[in-house]
Amino acid sequence: MVGEFLKRADKLIKEANFDGADYEVERALQMEPNNVYALAYRDRIKDARRLHDEKKKREDEERKVQEEALRTAKEQIRIITPQPQPEPVQQHHRIATAKEIDRYKKILVDAWRDGLITAQEIAVLKRVRIDLSITEEVHHTLEREVKLECYVDAVRKAWRDGLISPLKAGALDGLRKKYGISIEEHLHVEGKILWELQQGTKISATLFLIDDEQLLLGVLKDSLQLAGFSVLTATTPEEALQELHSVVPDLIICDIRFDNSDLDGLFIYEQVRKMPDLNTVPFIFLSGVRDDQVLKTGLELGVDDFLMKPFNTETLLAVIEGKLKRYGELKKYRTTM
């Protein structure tokens with residue numbers, strides 16, 4: 001019965017009907033208050049609602065900016081449109097040279113380097129355009145090019161400084177707002193950004209999840225893939241050990257107790273530590289029941305960490321990031337030995 005409630009909740013999440021999804025999850029929790037699937041879905045709904053609201057807010061802001069720009073453009077056209085003259089005089093405008101266009105582009109780069117240009121900078125640029133005979137058409141073409149170049153440079157610098165990463169991808173939204181980049185403009189340069197970031201870091205972490213609770217396994221896999229990880233899964237200790245003879249993940253996350261096997265997570269851990277390629281790979285245990293004896297045994301064996309169910313996605317990502325960072329430093333140290 002709980003599974004039916006959660007199936008309906010999953011469908012409602014995809015339809016962005018978060019109130020309906022909340023209702024189905026609460027019905028599931030009324031039947032089983034400690035059901036880890038339902039608790040995981042509660043976090044999922046919260047994250048999905050937040051992302052949906054942020055997207056809608058961005059779209060509203062972009063629409064308002066576009067409407068204001070259109071209104072301003074219409075007002076300017078009304079103001080500058082000349083009155084019909086009895087005998088129009090043919091005007092000849094000087095065309096800017098390539099050197100003047102290049103000079104104007106450099107001035108644009110200086111203006112856009114730190115984000116959206118100010119009203120004062122707009123006024124200065126207008127005077128420069130007049131002096132250099134830069135047409136509005138040339139200006140708009142150059143400005144769009146410069147704005148995107150400055151945005152890509154800012155993303156590259158933020159990545160180098162550790163301000164954004166696969167686990168902090170949300171920071172890109174702040175940079176988009178800072179440079180006035182629309183979703184369409186971001187998508188236009190996204191390929192370039194991803195390619196450059198991949199050149200800067202060759203690490204593509206692969207996580208191995210082992211849990212017999214398939215619904216929770218699916219939720220965790222989706223969340224971790226959204227965070228930029230490659231994710232492998234297994235639902236039994238036997239399947240996991242067979243898989244681990246042919247793959248070398250960067251981190252293993254494993255349940256302690258399995259209802260579908262006589263083996264447990266401690267056994268998996270002991271076998272993994274006997275494998276030469278895996279004996280230093282970070283290993284995190286998941287547990288739905290606090291068992292001090294099991295925790296004590298795990299710590300004595302050298303397990304890297306424990307997470308008690310239910311847990312939120314932010315906690316899991318923070319633990320994973322910390323362990324991967326330590327594992328990466330250890331691998332570098334061994335390479336230099």
Side-chain angles (χ1 to χ4, degrees), residues 47-48 50-66 68-69 101-102 104-122 125 138-207 222-231 250-251 313-314 316-318 320-325 327-329 332:
D47 290 341
R50 175 178 56 78
L51 291 173
H52 180 269
D53 291 345
E54 288 177 355
K55 180 181 178 183
K56 188 174 184 302
K57 183 179 178 182
R58 289 195 300 269
E59 289 174 348
D60 290 342
E61 290 174 350
E62 288 169 7
R63 189 184 68 256
K64 288 178 182 177
V65 169
Q66 291 171 359
E68 179 62 21
I101 291 175
D102 185 60
Y104 182 67
K105 183 177 179 180
K106 290 178 180 178
I107 294 172
L108 274 175
V109 169
D110 289 338
W112 275 98
R113 197 183 307 278
D114 57 353
L116 286 167
I117 58 178
T118 65
Q120 183 179 1
E121 288 171 327
I122 290 174
L125 288 170
V138 171
H139 161 70
H140 289 307
T141 300
L142 289 175
E143 185 172 55
R144 183 173 186 273
E145 180 183 332
V146 165
K147 181 173 73 167
L148 290 175
E149 287 178 359
C150 290
Y151 172 62
V152 172
D153 285 342
V155 172
R156 188 188 299 117
K157 183 178 185 300
W159 180 274
R160 287 198 306 265
D161 294 343
L163 301 177
I164 58 174
S165 71
L167 301 180
K168 303 173 184 175
L172 279 173
D173 287 340
L175 285 176
R176 282 203 313 104
K177 291 177 182 177
K178 182 177 180 181
Y179 286 86
I181 302 294
S182 68
I183 294 293
E184 291 74 17
E185 288 174 322
H186 172 81
L187 292 175
H188 180 71
V189 295
E190 185 177 48
K192 179 180 180 180
I193 291 173
L194 291 176
W195 184 86
E196 290 195 5
L197 296 186
Q198 287 169 1
Q199 300 312 301
T201 173
K202 298 298 183 182
I203 299 174
S204 179
T206 298
L207 311 181
D222 289 345
S223 298
L224 293 172
Q225 285 179 332
L226 284 173
F229 293 108
S230 174
V231 182
D250 296 289
L251 184 141
T313 306
E314 288 79 7
L316 177 62
L317 289 174
I320 290 172
E321 186 176 19
K323 300 305 175 188
L324 287 176
K325 192 174 294 183
Y327 180 48
E329 291 171 353
K332 286 182 182 178

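Values reported hereafter were calculated over all heavy atoms of this structure, with side chains retained and with hydrogens, waters and symmetry mates removed.
- Taking Lys56 as the reference, Asp60 meet the salt bridge (Lys or Arg N to Asp or Glu O under 4.0 Å) condition, with sequence neighbours excluded.
- Once rounded to the nearest 0.5 Å, the distance linking NZ of Lys105 with CG of Asp110 reads 12.5 Å.
- Between Asp114 and Lys178 the shortest heavy-atom distance is O-CE, 3.1 Å.
- With 3.5 Å as the limit, one finds a donor-acceptor pair spanning the side chains of Trp112 and Glu143.
- Atom CG in Leu251 sits 12.0 Å away from atom CD in Glu321 (nearest 0.5 Å).
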Worksheet item: How far apart are the C-alpha atoms of Asp102 and Lys106, what are their side-chain angles, what is the distance that settles it, and do they pass the salt bridge (Lys or Arg N to Asp or Glu O under 4.0 Å) test?
Response: CA-CA 6 Å; Asp102 185 60; Lys106 290 178 180 178; 3.7 Å; yes
Discussion item. Walk me through whether Leu51 and Glu54 qualify under side chain to side chain contact (heavy atoms under 4.5 Å, CB included).
Written reply: CA-CA 5 Å; Leu51 291 173; Glu54 288 177 355; 4.1 Å; yes
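- Proximity of Val146 to Tyr104: side-chain heavy atoms (C-beta onward) are nowhere separated by under 4.5 Å.
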Discussion item. Run the side chain to side chain contact (heavy atoms under 4.5 Å, CB included) test on Leu108 and Lys147 for me, step by step, so that the C-alpha distance in whole Å, both residues' side-chain angles and the decisive distance to 0.1 Å come before the verdict.
Written reply: CA-CA 9 Å; Leu108 274 175; Lys147 181 173 73 167; over 6 Å; no
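- Nearest approach of Leu324 to Ala205, heavy atoms of both residues: CD1-CB, 3.8 Å.
- Glu185 contributes atom CD, which lies 14.0 Å from atom OH of Tyr179 (distance to the nearest 0.5 angstrom).
- The CD1 atom of Ile107 sits 11.0 Å away from atom CG of Leu142, with the distance rounded to the nearest 0.5 Å.
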Discussion item. Between Arg50 and Asp53, does the salt bridge (Lys or Arg N to Asp or Glu O under 4.0 Å) criterion hold? Intermediate values first, please.
Written reply: CA-CA 5 Å; Arg50 175 178 56 78; Asp53 291 345; over 6 Å; no
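- The two residues Cys150 and Val109 make their nearest non-hydrogen contact at SG-O, 4.1 Å.
- Here the CG-OG distance, from Leu317 to Ser223, works out to 7.5 Å after rounding to the nearest 0.5 Å.
- The distance from the CG atom of Leu116 to the CD1 atom of Ile122 is 9.0 Å, given to the nearest 0.5 Å.
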